[in-house]
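What follows is one structure encoded as structure tokens, with my remarks underneath.
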Amino acid sequence: MKQEGWTRTLALTVCSAAIGGTFQYGYNISIINAPTTYVQKFINETCVERWGTALEPSQVTLIWTFIVSIYSLGGLLGSLLAGPMAIKCGRKGALLLNNCFLFLSAVLALSSRAAGSFEMIILARLLVGVNAGVSMNVQPMYFGESAPKNLRGAVAFSSAVFTAFGILMGQVTGLTEVLGSESLWPYLLASNALPGLVQLVTLPWFPESPRFLLIDRGDREACGQALKRLRACSVFTAEMEEILQERAGAGEARAKTLWELFRDRSLRRQLCTVMAASSAMMLCGNDSIYFYTSYIFQEAGIPTDKIQYVTIGTGACEFTSAVACNLLIERVGRRLLLAGGYLFMACWAVVFTVALSLEGKVDGMPYLSMVCMFAYILSFGMGPAGVTGILPAELFDQMARPAAYMVAGSMMWLNLFLIGMAFPFIVNGLGQFCFIPFCGVCVTACLFIGFTLPETKGRTLAEITEEFEKRNKKGTANGLPKYGEQSQSLTDLSECLETDNV
């Protein structure tokens, strides 16, 4: 049964934006795993040609780890650029401009072997990280502002679906039979240009974010045209009134800067929630698994010749769970999926630790380890992978949203860099207990989200803000918030809009 609000234009807009957006994030996380041996060999051969001496294995590993992890530093830079780009160029314009980083990265990766320069690979990974950092922030913002209220979560969660799809496609492309051979690895690293080209050709045909057009640009006619195309109807009075109300509430205010967002005490609880959720998403170790999948399965005792095929299963797991969660998010809600996902991850981390501890003592433990890895990724895909990216769009208004995404993205990429650099040392240092720290992160995240995050499913920004204000005012003499006339009018308007929608 077709869900009310889904239209052909909205679906195609989502696909066009995501194929060159969060798809790239997942794709570029996974393709770097396949050519590990070949790139390390290239690094060593380059040094021999330049200086006549080979590097120590530890030196090669250090350079390789830097190549892998600089992707996260590029993402951090991209997340800081995302806010200004989204404000100046619009949501759609920022995504289109973002492809410049991607194409330059592809040229560098493709030319690196011919030029005999592993530094070009480092720069290429930095630039593709910038591209991913921008798209991971701007795309959920674009989707959250373009979707109707009843589909806001599902549309925004499609970012996670395309991330998982990108991971899966990167693993398939990295197979030895495709582009994962020694002769083709530069083409593998440059293959990310193709999805970017698809976006560059298709996205200009679809509308800009209606909220951006009306609230930021003040163009009511363009907003009406965008809504008409996205909703496939000419009657959208209630939604237009809601956007106008948000614009009236903003007045002549401009978009908040990072410093202004941090100084705004009324948004402090929302900001802390987003920062904690974004950090936990990376500190749980799930995305770092894709950087070192081969190494983890090798340590778990999986035969070397089967590892590349087993690796595809991890991407398939996250993609499957992301699709399932996309169908459930508007029924189950955000908080339950997010907290429940972390709770299941913590449980599987414990089982994984037991399996690693019994390896060599009990038959079948390597395969139980593999099952635990798949289950861990499934649990991540069922909640944290997608719900985390929705939160800034639902907790902040139009003026604070770009800065909120900058903060969320910065926390995400900074923690991804730290965990990516530390992951091999955690595995080497803790051995079979390597997932215990991640278990602790998951338990902490589950408790924090369960106690601090209100449910946002199907609620307007005014209602969500009111819920946070209510929580902020707990502990006063009477323990109840006092709502002003404006807050009451917003509540009345929300009830009217819901009645109109019905």
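Residue numbers run from 1 in the order of the sequence given. Here the structure is a predicted model, which means the values were calculated and not measured.
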- Counting only N and O atoms by type, is there a donor-acceptor contact under 3.5 Å from the side chain of T22 to the main-chain atoms of Y25? no
Ring-plane angle category for F352 and F435, please: parallel below 30°, perpendicular beyond 60°, tilted otherwise. perpendicular
Here the gap from I67 atom CD1 to I122 atom CD1, rounded to the nearest 0.5 Å, amounts to 5.0 Å
With distance as the sole criterion, is a donor-acceptor pair present between the side chains of S16 and T202 under 3.5 Å?
yes
| query | Crowded around F344 CZ? As in, over 12 foreign heavy atoms under 6.0 Å? | reply | no
Taking the side chain as every heavy atom from C-beta outward, state whether M169 and F23 have any pair of such atoms under 4.5 Å apart. yes
When rounded to the nearest 0.5 Å, the distance separating SG of C325 from CG of L337 is 4.0 Å
| query | E394 and T456: side-chain donor and acceptor closer than 3.5 Å? | reply | yes
Of all heavy-atom pairs linking V128 and S105, the shortest is CB-OG, 3.6 Å
**Prompt:** Does some side-chain heavy atom of S117 sit less than 4.5 Å from a side-chain heavy atom of S112?
**Reply:** no
From the list L95, L81, N98, side-chain contact (heavy atoms from CB on, under 4.5 Å) with V138 holds only for L95
inquiry  = Can you tell me if R263 has over 12 outside heavy atoms packed within less than 6.0 Å of its CZ?
reply    = no
Checking side-chain hydrogen bond (donor to acceptor under 3.5 Å, both in side chains) for the pair S159/Q139: CA distance, chi angles, key distance, verdict? CA-CA 7 Å; S159 297; Q139 184 184 304; 3.0 Å; yes
One should read off an interatomic distance between F143 CZ and L151 CG, to the nearest 0.5 angstrom, of 13.0 Å
Rounding to 0.5 Å, atoms NZ (K92) and CG (L97) come to a distance of 13.5 Å
With a 4.5 Å limit on heavy-atom distance, are the side chains of I377 and S321 in contact? no
Value for CG (L271) from CE (M411), rounded to nearest 0.5 Å, stands at 9.5 Å
**Message:** Measuring only between side-chain heavy atoms, which start at C-beta, is F262 closer than 4.5 Å to V407?
**Reply:** yes
*Does the side chain of S58 pick up a donor-acceptor pair with the side chain of E56 at under 3.5 Å?*
no
Paired with Y71, the ring pair (Phe, Tyr, Trp, His ring centres under 6.0 Å) test is passed by just one of F417, W413, Y27, namely W413
Checklist line | No-hydrogen, no-angle side-chain donor-acceptor test under 3.5 Å, Q24 and N131 | finding: no
Pairwise side-chain contact, L343 with V443, heavy-atom cut-off 4.5 Å (strictly under): no
Item to check | Minimum side-chain heavy-atom gap F162-I167 below 4.5 Å | outcome: no
| So, the side chain of R125 versus the backbone of I70: is there a donor-acceptor pair under 3.5 Å, distance only? | no
K41 meets the salt bridge (Lys or Arg N to Asp or Glu O under 4.0 Å) criterion, sequence neighbours left out, with E182
Hits for salt bridge (Lys or Arg N to Asp or Glu O under 4.0 Å) against E45, two or more places apart or cross-chain, chain-then-number order -> none
| query | Given the rule in the side-chain hydrogen bond (donor to acceptor under 3.5 Å, both in side chains) test, do S79 and N137 qualify, once you have shown the distances and angles that lead to the verdict? | reply | CA-CA 6 Å; S79 67; N137 284 4; 4.6 Å; no
Q) If only atom types and distance count, is the side chain of N44 paired as donor or acceptor with the main-chain N or O of L55 below 3.5 Å? A) yes
### Message
Between S209 (side chain only) and F212 (backbone N and O only), is there a donor and an acceptor less than 3.5 Å apart?
### Response
yes
Taking only Lys NZ, Arg NE, NH1 and NH2, and the carboxylate oxygens of Asp or Glu, determine whether R91 and E208 approach each other closer than 4.0 Å.
no
Query raised in the report: Would you say the side chain of M282 lies within less than 4.5 Å of the side chain of L414, judging by non-hydrogen atoms?
Result: no
**OP:** Could you check if a side-chain atom of F103 sits within less than 4.5 angstrom of a side-chain atom of L200, using non-hydrogen atoms only?
**Re:** yes
Between the side chain of Q199 and the main-chain N/O of G196, is any donor-acceptor distance below 3.5 Å? no
Taken to the nearest 0.5 Å, the spacing of L62 CG from S69 OG works out to 9.5 Å
